[in-house]
Amino acid sequence: MDSVSKIVDSMQAAAEQTELLVPTTVAVKNIIGASLTEASKILFPGIGDVTTERLIKHYKQQYLSLNTTPSPLFGHAKQLLLALNQQDKLLAVATGKGRQGLERVLAESDTKHLFHITRSSDDALSKPHADMLEQILNELNITPNEALMIGDSSYDLKMAQNANIDSIGITHGVACGDTLAQHQPKAIVHSIKELADLISH
């Protein structure tokens, strides 16, 4: 889903509500993929636990209720998920979103039934730690060499590296090809259609 603008707007509004220096758009984009707690530490070094809790509370209010910026599926995304299901591929979500936010976007996009398992930042250690992917592998009873991580941030691809899983980087999110290439993905693509051509067969 194209949720970058909504995440940036929500974090900037939350910072203002929490009376913190509002981070730049670039700064917020650079933490997309991390859990909210981890993102808070990076954006606002040295803030205490109480302020972090207030910031996260305000962010969730913005993202879940107050911010109306749309987060549409990227073109061809639904078709690719359907095609992979028809090929009996096991599909999973590993996201820095909290569980409540994840469940909401799955419902809004009508895609929950297409995934065999989901993991959020409420269920595992924050990316780029391998915990989230390791939980998915264990739950689905597959090995790292049977899995493929597709991600649009350095957090995604670094997590895949830490879990010894091959990855593909996609540039329509927050990271450019050069940034993604630092984590040795098997390929870098620039659209869902290009990704589909590579993995759907």
Side-chain angles (χ1 to χ4, degrees), residues 1-8 10-11 14 23 25-45 47 49 52-53 55-56 59-60 63-64 71 74 77 90-106 109 111 115-140 142-189 195:
M1 298 179 75
D2 188 1
S3 59
V4 173
S5 294
K6 185 167 185 172
I7 292 170
V8 170
S10 296
M11 182 56 76
T25 296
V26 172
V28 180
K29 284 184 176 180
N30 285 338
I31 56 82
I32 291 178
S35 69
L36 284 174
T37 301
E38 186 68 22
S40 300
K41 291 176 183 176
I42 295 168
L43 288 173
F44 310 102
I47 66 170
D49 292 343
T52 299
E53 286 179 17
L55 176 69
I56 291 173
Y59 175 86
K60 288 181 175 180
Y63 191 87
L64 295 171
S71 299
F74 285 106
L90 297 174
L91 301 182
V93 173
T95 181
K97 283 184 173 58
R99 173 55 60 181
Q100 187 178 4
L102 172 59
E103 293 297 332
R104 177 164 179 165
V105 297
L106 289 173
S109 60
T111 54
F115 294 100
H116 297 81
I117 184 173
T118 61
R119 282 293 182 272
S120 73
S121 61
D122 292 329
D123 309 315
L125 297 174
S126 178
K127 299 176 185 179
H129 195 282
D131 183 37
M132 211 177 288
L133 291 182
E134 288 172 346
Q135 288 189 33
I136 290 170
L137 294 178
N138 289 335
E139 190 83 14
L140 296 178
I142 60 174
T143 62
N145 63 7
E146 295 174 299
L148 176 68
M149 174 70 189
I150 296 158
D152 65 356
S153 76
S154 58
Y155 287 94
D156 294 330
L157 302 197
K158 181 62 176 175
M159 177 175 63
Q161 277 187 309
N162 289 338
N164 295 313
I165 291 174
D166 287 344
S167 68
I168 294 177
I170 187 163
T171 62
H172 67 197
V174 294
C176 66
D178 288 345
T179 298
L180 296 174
Q182 295 173 15
H183 303 290
Q184 287 84 52
K186 290 297 182 182
I188 294 175
V189 297
L195 175 65

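- Side-chain atoms of H116 never come within 3.5 Å of backbone atoms of A92 as a donor-acceptor pair (strictly under, hydrogens ignored).
- Distance OH/Y155 to CD1/I31: 7.0 Å, rounded to 0.5 Å.
- Using a 4.5 Å heavy-atom cutoff, the side chains of D156 and S153 are in contact.
- For the pair T143 and L137, the tightest heavy-atom approach, listed with the atom from each and the gap, is O-CD2, 4.0 Å.
- Atom OG1 of T37 is separated from atom CD of E53 by 9.0 Å, given to the nearest 0.5 angstrom.
- Under 3.5 Å, the side chains of S35 and E38 contain no donor-acceptor pair of N or O atoms.
- At least one donor-acceptor pair closer than 3.5 Å links the side chain of K127 to the backbone N or O of A94.
- No side-chain heavy atom of V105 sits under 4.5 Å from any side-chain heavy atom of T95.
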Quiz item: Yes or no on side-chain contact (heavy atoms from CB on, under 4.5 Å) for T111 and M1, after CA distance, side-chain angles and deciding distance?
Solution: CA-CA 11 Å; T111 54; M1 298 179 75; over 6 Å; no

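- With 3.5 Å as the limit, one finds no donor-acceptor pair spanning the side chains of T52 and D49.
- Considering only heavy atoms from C-beta on, L140 stays 4.5 Å or farther from E146 through its side chain.
- Between the CD atom of Q161 and the OG atom of S154 there is a distance of 10.5 Å, given to the nearest 0.5 Å.
- A 4.5 Å side-chain heavy-atom check between I7 and K29 finds every atom pair outside the cut-off.
- Side-chain atoms of S121 come within 3.5 Å of backbone N or O of K97 as a donor-acceptor pair.
- Checked by atom type and distance alone, the side chain of N162 pairs as donor or acceptor with a backbone atom of P128 at under 3.5 Å.
- Proximity of a side-chain donor or acceptor of Q184 to a complementary backbone N or O of Q182 within less than 3.5 Å is detected.
- For the 3.5 Å distance criterion, the side chains of Q135 and D131 qualify, holding a donor opposite an acceptor.
- Nearest heavy-atom pair across P144 and N164 is CB-O, 3.3 Å.
- Minimum heavy-atom separation, I188 to G177: CD1-O, 3.4 Å.
- Looking only at side-chain heavy atoms (C-beta outward), S3 and Y63 come within less than 4.5 Å of each other.
- A pairwise comparison of heavy atoms in K6 and S71 identifies CD-OG, 3.5 Å as the closest pair.
- Other residues, nucleotides and ligands contribute only 12 or fewer heavy atoms inside 6.0 Å of the CD atom of Q100.
- In this structure, L91 CG and I136 CD1 are separated by 11.0 Å, a value rounded to the nearest 0.5 Å.
- One finds the OG1 atom of T118 at 6.5 Å from the CG atom of L106 (value rounded to the nearest 0.5 Å).
- Of all the heavy atoms in F44 and M11, the pair that sits closest is CE1-SD, 4.5 Å.
- Between atom CD1 of residue I47 and atom NZ of residue K41 there is a gap of 10.0 Å, rounded to the nearest 0.5 Å.
- Side-chain atoms of N30 do not come within 3.5 Å of backbone N or O of A27 as any donor-acceptor pair.
- Closest heavy-atom contact between G169 and P185: N-CB, 3.9 Å.
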